[in-house]
Structure formats: C-alpha cells, structure tokens
Amino acid sequence: MDFLSILSIFVLAVFVGYYVVWSVTPALHTPLMAVTNAISSVIIVGALIAAAAGASVSTAAGEGSKWLGLLGVVLASVNIFGGFAVTRRMLAMYKKKEKKPAASK
Amino acid sequence: MEHAVAATPAWAVLAYLVSGVLFILSLRGLSSPETSQRGNRNGMIGMAIAVGTTLLLHPTGLPLIVAAIAIGGSIGWFIAQRIQMTAMPELVAGFHSLVGMAAVLVGCSAYLNPAAFGIVDAAGNMLMVSRIELGLGIAIGAITFSGSIIAFLKLSGRMSGSPILLPGRHLLNLGVLGGIVVLTGVFAMSPDAALSQGPLIWIILGLSFVIGVTLIIPIGGADMPVVISMLNSYSGWAAAAMGFTLQNTAMIITGALVGSSGAILSYIMCKAMNRSFISVIAGGFGADSGGPAAAGSAVQKPFKAGSADDAAFIMKNAETVIIVPGYGMAVSQAQHALREMGDLLRKEGVSVKYAIHPVAGRMPGHMNVLLAEANVPYDDVFELEDINSEFAQADVAFVIGANDVTNPLAKTDKTSPIYGMPVLDVEKAKTVLFIKRSMGGVGYAGVDNPVFYMDNTMMLLADAKKMVENIVKALGH
C-alpha cells in the first residue's frame with residue numbers, strides 16, 4: 001500500500017470515529033475511555049513484529065530490537081487484558097430499573 | 001522497492017481490516033447500555049484477530065512472545081479485578097502511559113532494525129516518509145507516557161493536585177516543542193544511514209519525555225477530566241503514527257478512532273467548564289491562592305444548619321427529590337448509602353432522580369459508573385441538560401459532595417472564575433439540602449457558593465457518608 005491510500009483510510013477513520021463517538025451516551029464515557037485504551041493497544045502488532053523479527057536476526061541491533069519488542073508486548077498485554085476486563089466489569093454494573101410494582105409515580 | 005510490509009498477503013490485509021471494523025463496532029455498542037457488552041466483546045474479538053494474524057505472519061520466537069503476553073495479560077487481568085471504581089481515573093491514566101511507552105518501544109525497535117519492518121529502500125536506508133512517521137510516533141508516544149505518569153500521580157494523590165508553576169514555563173514548553181519539531185524535520189531530511197544512526201532520535205525522545213512532564217505539572221486538579229481525555233487522544237495518535245510506519249490498517253483505524261474519541265471528550269469537558277482548551281493547557285487554574293472575590297467575602301455569613309432527622313423529615317414529605325452527587329460523594333464512598341436512601345424514599349412514594357454534571361467526577365462519566373456500582377438503575381440518572389428544567393418543580397435538591405457545579409454565580413457574576421460554566425439550577429428547588437464537611441472549604445475553583453446562605457437552604461455539615469447513613473436511619477423509623 002502506498003502512503004496516499006493509507007492516508008485516505010486514516011482520514012476516513014477519523015470521520016467515522018467522530019460520528020461514532022458523538023453517539024456514545026454520556027453515561028458510558030468512562031467505559032468508553034477504558035475500551036479505547038484497550039483497543040489502542042493494538043500497537044501490540046508492532047511489538048510482535050519487532051519481537052519476531054529480532055528473533056531471526058543475530059546482529060546486536062536485531063537483538064536489542066527483539067527485547068524492546070518483547071517489553072512492548074508485555075506493556076500492551078497489560079493494557080489489552082486490563083482494559084477489556086475492567087470495561088466488562090463496569091458495563092455489567094449498568095442495570096435497568098427493575099419492573100417492581102412501581103411505587104406511586 | 002523491497003517493501004516487506006507491502007508484501008503482506010491479501011488474507012492478512014483483510015483480517016486486519018476486519019479487526020479495524022470490529023473496533024468501530026465496539027465503540028458503536030456504547031451508544032446504549034443494552035448494546036454495550038456486545039460492543040466490548042466485538043473489541044476483544046477484533047484484538048484476538050489482530051494478534052492472531054500477526055503471529056501467523058511472523059511465527060519466529062513464539063515461546064518468548066507467548067510468555068510476554070502471559071505476563072502482561074495476567075498483570076492486567078489482576079489489576080482489572082482488584083481496582084476500586086473510585087480509582088478509575090488513575091487506572092485509565094496509568095493505562096495510557098503504557099500505550100505511550102509501547103509506542104516508544106515499537107518506534108525504537110523499528111529504528112534499530114528497520115529492515116524487519118520493511119521500511120528501507122534498496123540501499124538499506126530508512127525511507128524518508130517512514131522517518132517522519134517514526135519520529136512523530138516516538139515523540140507522541142513519549143509525551144503520552146510521561147504526561148500520563150504525572151496525571152496518574154496527581155489523580156492517585158501521590159502528587160499534589162495543585163498546579164506547579166515553573167518560571168517561564170510557556171517559553172520553555174514552546175522552546176522544547178519547537179526543538180522536537182525541528183529535530184524531527186532534520187531526522188526526516190537526512191537520507192544517509194550514517195547520520196540517521198546518530199543520537200538525533202534519542203534527543204527527540206528525551207525532549208518529548210521532558211515536555212510531557214512540563215505540560216501536565218501546571219494543570220490543577222479541577223482540570224483533570226480534560227487532561228485525561230487529552231492523553232487518551234494522544235495515545236490514539238501515537239498508535240496511528242505507528243500504524244503508518246507498519247502500513248497496518250487495524251492500527252490506523254484504531255488510532256484514528258481513539259484519537260478522535262479523546263479529542264471529543266476533551267471538548268465536552270472543556271465546554272462543561274466553559275474553559276478553552278488553550279487555557280486548560282496553559283494551566284494554573286485552581287491554584288491555592290484563590291480568586292480575589294473569594295478572599296473578599298471570607299466574612300462569616302449566616303446560614304441554616306440542619307440535622308439528619310430534619311433532612312429525613314423534609315424528604316419524606318416531599319414529592320420529588322433530585323440528588324446531585326459530586327466528587328465528594330466518591331471520596332467518602334457514600335454511593336451505597338445514598339442508593340439505600342433513595343430506595344427508602346421511593347418506598348414512601350417520593351420520586352427520586354439523580355442529576356449529573358459532566359465534570360462531577362475526575363473523568364468523563366465517572367459519577368455514572370459509581371452510581372451504577374451502587375446499583376442505581378441507569379434510567380434514574382440524568383444528564384445536566386435533560387434534568388435542569390426540573391429543579392424548578394422539585395421539592396428538594398439534595399446536593400452531596402458537589403459545589404462548583406451548583407454555583408449560581410456562574411450565571412450572574414462576570415468576575416467569577418467559573419462565569420459561563422453550565423451549572424445545575426439547584427437553587428430553584430423549594431428546599432436545598434447541602435451536605436458539606438464544614439463551612440470553611442470552597443470548591444476546586446476557590447469560589448464561595450451563595451446557595452449556602454439562601455433561606456431555603458439547609459446545610460448538613462458532616463462527612464457525606466455518615467450524614468447519609470444517619471438520614472437512612474432516621475427514615476427507618
């Protein structure tokens with residue numbers, strides 16, 4: 001892919017993000033931040049490539065790159081598991097009103 | 001043109017696209033609480049696809065990689081189970097710092113081993129466009145990291161929330177920022193490997209760490225909701241910059257989503273405080289000195305104080321009660337007792353609603369989560385613009401741990417530092433019950449609140465949790 005097609009995807013995605021995020025209900029803004037945190041850890045893809053690529057090269061730079069990548073994998077994993085899990089925990093707390101014999105309203 | 005990443009097989013490109021779309025759906029799900037859990041699941045599936053695809057494409061060194069995922073994953077999982085809901089702001093800030101650091105690490109390893117990332121030309125030099133992306137990615141990642149660390153320290157109380165003002169900080173920040181931009185430009189323009197292997201990138205990295213710190217330390221506690229949203233946005237842009245380097249659609253889509261999400265939240269928070277983004281970034285708001293207006297009116301004015309029994313009696317005989325929770329409620333962990341109070345009142349036939357100001361907590365939507373945790377149904381909880389007109393008909397406005405967001409001076413006093421900020425019209429209710437620890441303290445903005453001294457206000461001076469528990473007891477008999 002050339003730079004321009006990537007740029008196009010990026011610009012369109014910014015607009016998608018703009019409209020999608022405005023439709024998020026304010027009550028869920030904290031879960032929104034937690035989940036965006038989790039998905040921005042998709043940066044793990046880069047860390048995985050670094051870790052895997054370093055493993056097949058034997059130069060000093062390759063070695064350094066591998067360990068940096070692995071550390072990146074650890075950090076991003078904290079975020080992925082932590083972010084999705086804490087979002088799940090929060091979302092499970094949001095409950096609708098029970099249909100109990102509604103007190104005089 | 002040896003472009004290893006461009007040679008990604010078609011199935012993998014499509015898989016990354018699918019995970020990007022799933023990430024969009026995960027945010028879309030948050031438009032209502034009913035669909036939100038499915039949304040979160042979409043996010044997890046998207047992440048699994050992205051990770052799985054990458055591992056299939058790069059199968060070397062798998063044992064270490066799996067170990068790294070296991071270590072990080074279990075730490076993250078453990079934290080997520082243990083964290084208190086009141087501590088959510090510092091948790092999110094801490095997580096932002098990890099994204100920032102991960103971006104820095106990926107950037108550095110791409111710099112050390114560019115061939116592995118397919119960003120070199122035939123002569124083995126890094127492509128210019130990749131150098132720009134890499135420089136930006138590392139800089140944004142580093143700012144996100146150090147800025148989030150400071151935000152984390154401030155939010156968790158390990159560092160004072162009051163602004164730290166360095167002399168000449170604006171000049172300093174602009175200088176450092178200019179330095180980063182210029183050096184990134186130089187880095188991009190130096191095509192020969194010899195120069196680009198120099199210390200340039202490390203200087204950019206170091207300067208970015210520095211500016212992350214100097215940008216956040218002057219910002220006061222009241223502005224934290226903006227800061228945390230802004231760092232959320234930065235972490236997205238860092239991921240996007242890395243996505244450009246790796247030509248990976250999942251990363252680019254996600255980065256764009258997260259970047260705009262954080263930007264929108266910052267905008268909403270700024271608007272809720274009637275502050276411009278620039279003035280928040282410039283910092284200094286909420287300094288201990290207080291405004292001149294506050295200092296002048298420090299004379300003791302008469303106010304009515306009441307007891308838990310009085311409050312219980314008034315609310316029992318009311319038809320409608322609107323509860324206005326603020327950060328003070330979270331600090332004293334009064335949300336469970338508050339819900340109990342609401343339930344008892346409802347049994348007496350009182351209509352109970354909750355009114356939430358956008359900046360009531362320390363991060364967007366924080367108060368909603370705390371109420372949800374205490375089992376308050378989300379359809380009893382209303383946002384400022386949906387409920388503000390109802391205060392005029394309400395019998396009681398019950399303010400607990402909120403102050404600035406109820407201050408009518410924001411509507412009338414042009415000299416007030418909070419002038420123009422949208423506030424909850426609690427003073428229009430027939431009776432205002434205001435829980436406050438003591439008459440001494442003022443809100444974050446350092447402004448006195450005239451609601452305290454109104455004839456129809458009864459001050460309940462005590463710890464929020466204790467007071468609500470006593471009201472519950474009084475309602476019991």
Side-chain angles (χ1 to χ4, degrees), chain A residues 1 3 9-10 13-14 17-18 20-21 23-24 26-30 32-33 35-37 39-40 42-43 45-53 55-56 61-62 64-65 68-82 84-88 90-91 93-97 103-104, chain B residues 23 27-28 30-31 33 36-37 40 43-44 50 54 58 60-61 65 68-69 71-73 75-77 79-80 92 95 98-99 102 105-106 108-109 112-113 116 129 235-236 239 242 246-247 250-254 256-258 260-261 264 346 349 364-366 368-369 372-373 377-379 383:
Chain A
M1 263 186 291
F3 178 75
I9 295 175
F10 175 71
V14 169
Y18 180 84
V20 169
V21 171
S23 78
V24 172
L28 292 178
H29 275 162
T30 297
L32 170 69
M33 293 194 87
V35 85
T36 49
N37 217 309
I39 65 173
S40 60
V42 74
I43 198 147
V45 167
L48 289 171
I49 294 176
S56 55
S65 162
L68 289 179
L70 281 171
L71 185 55
V73 172
V74 173
L75 296 185
S77 303
V78 172
N79 228 326
I80 292 173
F81 284 78
F84 281 125
V86 86
T87 309
R88 208 177 114 191
M90 278 192 275
L91 293 177
M93 296 190 291
Y94 282 80
K95 288 186 200 82
K96 232 185 151 72
K97 214 181 305 191
S104 65
Chain B
F23 290 149
L27 299 197
R28 185 72 186 94
L30 292 174
S31 56
S36 60
Q37 304 212 29
N40 195 35
M44 294 186 211
T54 314
H58 307 271
T60 43
I65 290 175
I69 295 179
I71 295 172
I75 297 174
W77 179 263
I79 296 174
V92 168
F95 277 176
L98 298 182
V99 179
L105 292 171
V106 173
C108 292
S109 48
L112 290 174
N113 193 4
V129 66
S235 70
M242 286 302 147
L246 300 177
Q247 314 202 332
M251 284 168 84
I252 291 171
I253 294 177
T254 315
L257 287 179
V258 178
S260 37
S261 167
I264 290 173
R346 217 167 261 148
H366 190 199
N368 303 74
V369 175
E373 188 197 14
Y378 60 81
D379 28 12
E383 302 299 319

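Every heavy atom of this structure was used, including side-chain atoms; hydrogens, water molecules and symmetry mates were not.
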Quick one: does any side-chain atom of [X] pair with a main-chain N or O of [Y] as donor and acceptor, under 3.5 Å?
X: Tyr94(A); Y: Leu28(A); value: no
X: Asn79(A); Y: Phe95(B); value: yes
X: Thr30(A); Y: His366(B); value: yes
X: Thr36(A); Y: Val258(B); value: no

In terms of heavy-atom proximity below 4.5 Å to chain A, should [X] be classed as side chain, backbone, both, or neither?
X: Glu373(B); answer: both
X: Met242(B); answer: side chain
X: Val129(B); answer: side chain
X: Thr254(B); answer: side chain
X: Ser31(B); answer: both

Pairs of heavy atoms under 4.5 Å with chain B: top-ranked of [options]:
options: Gly82(A), Gly69(A), Gly17(A), Ala85(A); result: Gly82(A)
options: Thr87(A), Ile39(A), Leu75(A); result: Ile39(A)
options: Leu70(A), Ile80(A), Val73(A), Leu91(A); result: Leu91(A)
options: Leu32(A), Asn37(A), Val20(A); result: Asn37(A)

*Could I get the full list of side chain to side chain contact (heavy atoms under 4.5 Å, CB included) partners for Leu71(A), not counting sequence neighbours?*
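Leu71(A) satisfies side chain to side chain contact (heavy atoms under 4.5 Å, CB included) with Leu105(B) once adjacent residues are dropped.
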With chain A, which of [options] has the greatest number of heavy-atom pairs at distances under 4.5 Å?
options: Val369(B), Ile71(B), Ile253(B); answer: Val369(B)
options: Ile252(B), Thr54(B), Ile65(B), Asn40(B); answer: Asn40(B)
options: Ile69(B), Val92(B), Ile79(B), Leu257(B); answer: Ile69(B)

*Over all heavy atoms of both residues, which pair between Ser77(A) and Gly73(B) is shortest? Give the atoms and the distance, please.*
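Distance-wise, the nearest heavy atoms are CB-N, 3.6 Å.
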*Grab the two heavy atoms, one from Thr60(B) and one from Ala53(A), that are nearest each other, plus how far apart they are.*
OG1-N, 4.5 Å
*Under a 4.5 Å heavy-atom cut-off, does chain B meet the side chain of Val14(A), its backbone, both or neither?*
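When you check distances to chain B, atoms from both the backbone and side chain of Val14(A) fall under 4.5 Å.
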*Considering residues at least two apart in sequence or located in another chain, which fulfil the ring pair (Phe, Tyr, Trp, His ring centres under 6.0 Å) criterion with Phe10(A)?*
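For Phe10(A) the ring pair (Phe, Tyr, Trp, His ring centres under 6.0 Å) partners, ignoring immediate neighbours, are Phe244(B).
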*Nearest 0.5 Å, what's the CG-CG distance between Leu68(A) and Leu112(B)?*
6.0 Å
